[in-house]
Protein chains: 2
Amino acid sequence: MSCENLFREQLRQRGLRLTPQREAVLSVLHAVGRAASPEEIFVRVSAVDAAVDRSTIYRTLDLLDNFKLVTVIDSGEKQRLYELSDREIPHLHLVCRVCGKIMGVDLDVLQPFLTHLDETVKFQIDLTNITMQGICGDCQKVASGNNFISTQS
Amino acid sequence: MSCENLFREQLRQRGLRLTPQREAVLSVLHAVGRAASPEEIFVRVSAVDAAVDRSTIYRTLDLLDNFKLVTVIDSGEKQRLYELSDREIPHLHLVCRVCGKIMGVDLDVLQPFLTHLDETVKFQIDLTNITMQGICGDCQKVASGNNFISTQS
DNA sequence: CTCTATGCAAAGCTTTTGCACGTTA
DNA sequence: TAACGTGCAAAAGCTTTGCATAGAG
């Protein structure tokens with residue numbers, strides 16, 4: 001679990017400590033294998049350590065974010081989602097508006113666009129945190145029968 | 001001010017009403033000319049009508065969102081931002097991590113990418129709401145002298 | 001042993017909701 | 001004058017913070 005060692009080392013470098021709670025958060029992120037909300041992480045960590053506090057979860061996620069060990073995703077819902085960056089290549093997140101599913105897509109296809117942006121408006125996109133919303137293939141099928149876009153509250 | 005007429009008509013179609021408060025919100029969004037948070041909008045509307053309540057702002061923004069008259073942007077900050085869609089072509093928002101500035105970029109350059117996505121993973125991106133974060137040209141210059149990325153809280 | 005991290009409790013912020021009153025069409 | 005919208009107040013979520021204690025190194 002190289003990710004955990006990376007975390008351990010980052011902590012050591014700053015004189016910080018590897019606690020069971022921090023290990024648990026990391027472990028849950030691994031086990032879940034997808035983006036999860038602080039609340040979901042809290043519930044899952046609670047299953048192992050019933051005494052853990054929500055604030056510890058938030059503090060740990062903040063730490064992991066600082067260390068770039070997690071990616072923060074805005075799914076359009078209230079709570080942001082946290083996903084283990086692990087050693088994976090940064091990728092684009094596609095969030096389905098209907099079912100909430102999140103797909104990871106390779107950034108290669110975006111390269112021409114990114115280059116263009118950098119050349120024209122000199123804007124450098126943060127590759128570690130791109131999220132787009134839309135409708136996944138499955139939900140397109142389901143939705144094809146009705147109007148799909150509802151304008152009423 | 002065609003936007004206001006559009007709003008007026010949408011309201012009429014549903015038997016809803018054009019109140020001074022709703023006009024004020026629309027007016028502020030016009031005047032600001034960029035994405036603004038509910039709080040900023042509240043403050044600006046308050047300058048005109050001191051009695052207006054925050055809840056009215058939220059309700060109005062929600063209404064404008066339903067009518068697709070505003071675009072919601074996640075800038076990475078706590079509050080989402082609202083920008084008048086007006087009659088503009090949907091565009092991509094580039095949020096600068098450093099100065100918070102938001103640039104609008106034409107979606108044309110993304111087209112090959114979007115087509116590719118649709119063909120490969122069958123995902124249809126919502127064009128009205130794409131936001132990416134990064135560093136704008138100005139801030140790149142400023143940052144070039146230091147390490148830029150700060151890992152401490 | 002020292003200094004960090006945790007749990008607890010409380011507060012802070014943003015957003016939502018119920019309700020009586022005011023206003024629009 | 002019949003709905004609809006607003007202000008007010010309160011509540012509801014999510015997140016942060018202060019502090020005494022527990023625990024890692």
Side-chain angles (χ1 to χ4, degrees), chain A residues 4-5 7-28 35-43 45-46 48-67 70 72-82 152-153, chain B residues 4-5 7-28 35-67 70 72-82 152-153:
Chain A
E4 192 153 0
N5 286 334
F7 189 31
R8 200 183 292 269
E9 191 178 331
Q10 300 241 36
L11 290 171
R12 185 150 31 212
Q13 281 179 12
R14 299 167 190 244
L16 304 181
R17 290 162 195 182
L18 185 62
T19 63
Q21 291 89 338
R22 288 176 176 172
E23 283 189 293
V25 169
L26 212 51
S27 163
V28 161
S37 66
E39 185 61 20
E40 177 177 358
I41 296 167
F42 167 70
V43 170
V45 171
S46 294
V48 181
D49 171 9
V52 77
D53 192 76
R54 244 174 279 259
S55 63
T56 301
I57 306 294
Y58 280 104
R59 289 189 271 230
T60 302
L61 289 174
D62 199 39
L63 202 63
L64 289 169
D65 186 25
N66 285 157
F67 291 171
V70 292
V72 185
I73 303 173
D74 183 344
S75 68
E77 301 300 310
K78 279 180 197 167
Q79 291 196 305
R80 301 239 162 93
L81 303 181
Y82 294 80
Q152 53 208 4
S153 71
Chain B
E4 191 154 358
N5 286 334
F7 189 33
R8 199 183 293 269
E9 191 179 326
Q10 299 243 35
L11 289 172
R12 186 150 31 213
Q13 281 179 12
R14 298 167 191 243
L16 305 182
R17 289 160 197 185
L18 185 61
T19 63
Q21 292 89 336
R22 289 176 176 171
E23 282 188 291
V25 169
L26 213 49
S27 164
V28 161
S37 67
E39 185 62 22
E40 177 177 357
I41 296 165
F42 168 69
V43 170
R44 287 176 182 268
V45 171
S46 295
V48 181
D49 171 10
V52 76
D53 192 76
R54 242 174 279 261
S55 63
T56 300
I57 306 294
Y58 280 105
R59 289 189 270 229
T60 302
L61 289 175
D62 198 40
L63 202 63
L64 289 169
D65 186 25
N66 285 156
F67 289 172
V70 292
V72 185
I73 303 172
D74 183 345
S75 68
E77 301 299 309
K78 278 179 197 167
Q79 291 196 307
R80 301 240 163 92
L81 304 181
Y82 293 80
Q152 52 209 7
S153 74

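Chain letters run A, B, ... following the sequence lines, proteins first, then strands; residues in each count from 1.
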Legend entry - Smallest separation among heavy atoms of S37(B) and L81(B), with atom names: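 In terms of heavy atoms, the two residues are closest at N-CD2, 3.6 Å.
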
Legend entry - Nearest atoms (heavy-atom pairs only) where F42(B) meets V52(B):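 The answer is CE1-O, 3.4 Å.
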
Which whole-number value in Å describes the distance from [X] [atom1] to [N] [atom2]?
X      : N       : atom1 : atom2 : result
Q10(A) : dG25(D) : CD    : P     : 16 Å
F42(B) : dT15(C) : CZ    : C1'   : 13 Å
L16(B) : dT6(D)  : CG    : P     : 10 Å
F7(B)  : dT24(C) : CZ    : C1'   : 14 Å
L11(B) : dG5(D)  : CG    : P     : 8 Å
R14(A) : dG25(D) : CZ    : C1'   : 18 Å
L18(B) : dG5(D)  : CG    : C1'   : 12 Å
D62(B) : dT16(C) : CG    : C1'   : 10 Å

Inset, instruction - Output the single nucleotide from dA9(D), dG7(C), dT15(C) whose closest atom is nearest the side chain of Q79(B). - result: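 Nearest to the side chain of Q79(B) among the choices is dT15(C).
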
Inset, instruction - Side chain of Y58(B) only, please: which of dT16(C), dT15(D), dC8(C) is the nearest? - result: dT16(C)

Phosphate OP1/OP2 of [N] contacted by [X] side-chain N/O (<4.0 Å):
X      : N       : value
R22(A) : dA5(C)  : yes
T19(B) : dT23(C) : no
Q21(A) : dG23(D) : no

Legend entry - DNA chain D: 5'-proximal contact among K78(B) and D53(B) (nearest heavy atom):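 It is D53(B), whose closest nucleotide lies nearer the 5' terminus.
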
Inset, instruction - Specify the residue among G15(B) and R54(B) whose closest nucleotide of DNA chain D lies further upstream toward the 5′ end. - result: G15(B)

Inset, instruction - Examine the base of dG7(D) for any acceptor or donor lying under 3.5 Å from a partner atom in the side chain of R59(B), and report the outcome as yes or no. - result: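 Checked by distance alone, the answer is yes.
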
Inset, instruction - Please confirm whether any donor atom in the side chain of R17(B) sits under 3.5 Å from an acceptor in the base of dA3(D), or the reverse. - result: yes

Inset, instruction - Show your reasoning for whether side-chain contact (heavy atoms from CB on, under 4.5 Å) applies to L61(A) and V72(A). - result: CA-CA 9 Å; L61(A) 289 174; V72(A) 185; over 6 Å; no

Inset, instruction - Could you check E39(B) against R8(B) and say which one's nearest nucleotide on DNA chain C is further toward the 5' end? - result: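 The residue closer to the strand's 5' end, by nearest nucleotide, is E39(B).
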
Legend entry - side-chain contact (heavy atoms from CB on, under 4.5 Å) assessment of V25(B) paired with F7(B): CA-CA 12 Å; V25(B) 169; F7(B) 189 33; over 6 Å; no

Legend entry - R22(B) side chain to R17(B) backbone, donor-acceptor under 3.5 Å: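 Judged by distance alone, yes, a pair lies under 3.5 Å.
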
